[in-house]
Amino acid sequence: MHSILSSPDLWTILGTMVLAGVIGGLVNGFLPTAQGEPPKIWWKCILTGLGASLIVPVFLFLTQSKILDELVRVLPENATAPTIEEAMSRKVQNYLVFFSFCTIAAITSTRFITTVSDRLLSELKKEVDATKQAVRETDQKVEETQQKAIGNRATLQAVKKKIQENSTARKTGTAKALPITREATREPSPATSALLHPDDPQKGRWGGKPTVNFRQLQATVTAIDDDEDWFNVRMEVVSTDPQNHPFTGNVTFHLHDTFTPDTVNVPVVNNRAVLEKIAWGAFTVGAETSDGTQLELDLSDPTDAPDVPAVFRAR
C-alpha cells in the first residue's frame, strides 16, 4: 500500500520550498533597510523566509494555479520515450518556476505572508457568508413549506368536517349529495335529484359492468403518506387483449359530481388511459371510449374492486 509520505515528488517539493526559503531569507537579510528601521537579524529573516515559502501552496490554491498538479503528475507505464522526455522537460521548467516563486515569496516574506493571510481570510469570509445565505434561504423555504402544509391541513379538516356533517344529515334524510373529494365542496348539479343514487350520481348510468367489448375499467386505491383521511385513486381503462384488439382514441371519465371537473377526457397511450384523483371515500366511476363502449366501476363494491381499502370502501 503506497503512502503519500513515500512519494518522491512530495519530498522534492518540500525540499525546494525549504531551500528557496533559506536562500530568500538570506537575500532579504542583506537587502538594505528603510531609513529609521532597525537592522535586520539574519536568522529571523531565514525563519520568515521559510514561513513565506511554505505557504506558497496556499497562495497557488487561492489563485487556482495548476503548477503543483504538474509537479506531481504521474506518467502512464506504457508511455513512449518521446513522451517521457517531453514530460521531464516540462517538469524541470515547472520546478524552476516553483523554486523562483518560493524564493521571491521568501525575499518579500513579511508582505507576502500578510497578503496571503488577508486573501485567505477574505475567501473564508465569502464562503461563510455564502453558507449563511444558503441556510437562510433553506430555512425560509422550510418555513414556507410548513405554512403551506398547515394551510392544506386546515382545508382538509374543513372538508372532512363538511363531509361528516353531510353524512350525518343524510342519515336523517335531509342531506344533499355527499362531497367526497379533496378538490371542491361545491353543490351538486340540479340534475342530481333525478338520479337513482343521488349520493353516487354515476351509479347505474354506464351499464354497471367494468369489462365490456375487450375494454376494462379498473382502479387502484392507496393511502396518502402521513395522511389518515385521503387516498390516491388511480383509474385506468385498458384493453384486455391489446394484441388482437388494440386500444386507441380517448376515454371520457365520469366522476362523482363533487369533483371539479366531474367529466375528464383522457387520451389513450400504449393501450391505456389513466386518470388519478384524490378522494376521501368510495364512489362509482363511469367511462366512455371513442368507439362508444361504456364501462362502470363501483369502488365500494368488493366484487368490482376487491383491493380497495376497507376504510375507503365504507365511506
Taking 4.0 angstrom as the limit, do Glu70 and Arg73 come out as a salt bridge?
-> yes
Spatial distance of atom NZ (Lys44) from atom OG (Ser109) [nearest 0.5 Å] = 12.5 Å
Distance-only, no hydrogens or angles: does the Glu296 side chain make a donor-acceptor pair with backbone N or O of Gly204 under 3.5 Å?
-> yes
Tell me, do Val311 and Phe231 make a side-chain contact under 4.5 Å, heavy atoms counted?
-> yes
Those residues that, when tested against Tyr95, pass ring-ring contact (aromatic ring centres under 6.0 Å, His included) (two or more places apart) | none
Show your reasoning for whether side-chain hydrogen bond (donor to acceptor under 3.5 Å, both in side chains) applies to Gln93 and Arg90.
-> CA-CA 5 Å; Gln93 293 176 11; Arg90 188 167 56 248; over 6 Å; no
Any donor and acceptor pair, going by atom type alone, linking the side chain of Thr83 with main-chain N or O of Ala79 inside 3.5 Å?
-> no
Within a strict 4.5 Å, meaning less than it, do heavy atoms of the Trp42 and Phe30 side chains meet?
-> no
Is a salt bridge present between Glu123 and Arg119, judged by a nitrogen-to-oxygen distance below 4.0 Å?
-> yes
Taking only residues at least two apart or on different chains, which pairs with a member in residues 129-148 satisfy ring pair (Phe, Tyr, Trp, His ring centres under 6.0 Å)?
-> none
For Asp199, does its backbone N or O pair with a side-chain atom of His256 as donor and acceptor, under 3.5 Å?
-> yes
Look only at the side chain of Lys277 and the backbone of Arg234, and say whether a donor-acceptor pair between them is shorter than 3.5 Å.
-> no
Is Val238 reachable from Val308 through a run of hydrophobic residues whose side-chain heavy atoms are each under 4.5 Å from the next?
-> no
Would Asn271 and Ser239 satisfy side-chain hydrogen bond (donor to acceptor under 3.5 Å, both in side chains), going step by step from the backbone distance to the final call?
-> CA-CA 6 Å; Asn271 290 295; Ser239 173; 5.1 Å; no
Please walk me through it: do Glu143 and Gln147 pass side-chain hydrogen bond (donor to acceptor under 3.5 Å, both in side chains)?
-> CA-CA 6 Å; Glu143 185 177 356; Gln147 293 298 327; 4.9 Å; no
Validation row, ring centre Phe214 to ring centre Phe247 under 6.0 Å = no
If we only count heavy atoms from C-beta on, is the Asp298 to Phe283 side-chain gap below 4.5 Å?
-> no
Residues that Thr103 engages under side-chain hydrogen bond (donor to acceptor under 3.5 Å, both in side chains), provided they are two or more places apart = none
Under 3.5 Å, side chain of Ser53 to main-chain N/O of Met17, donor-acceptor pair present?
-> yes
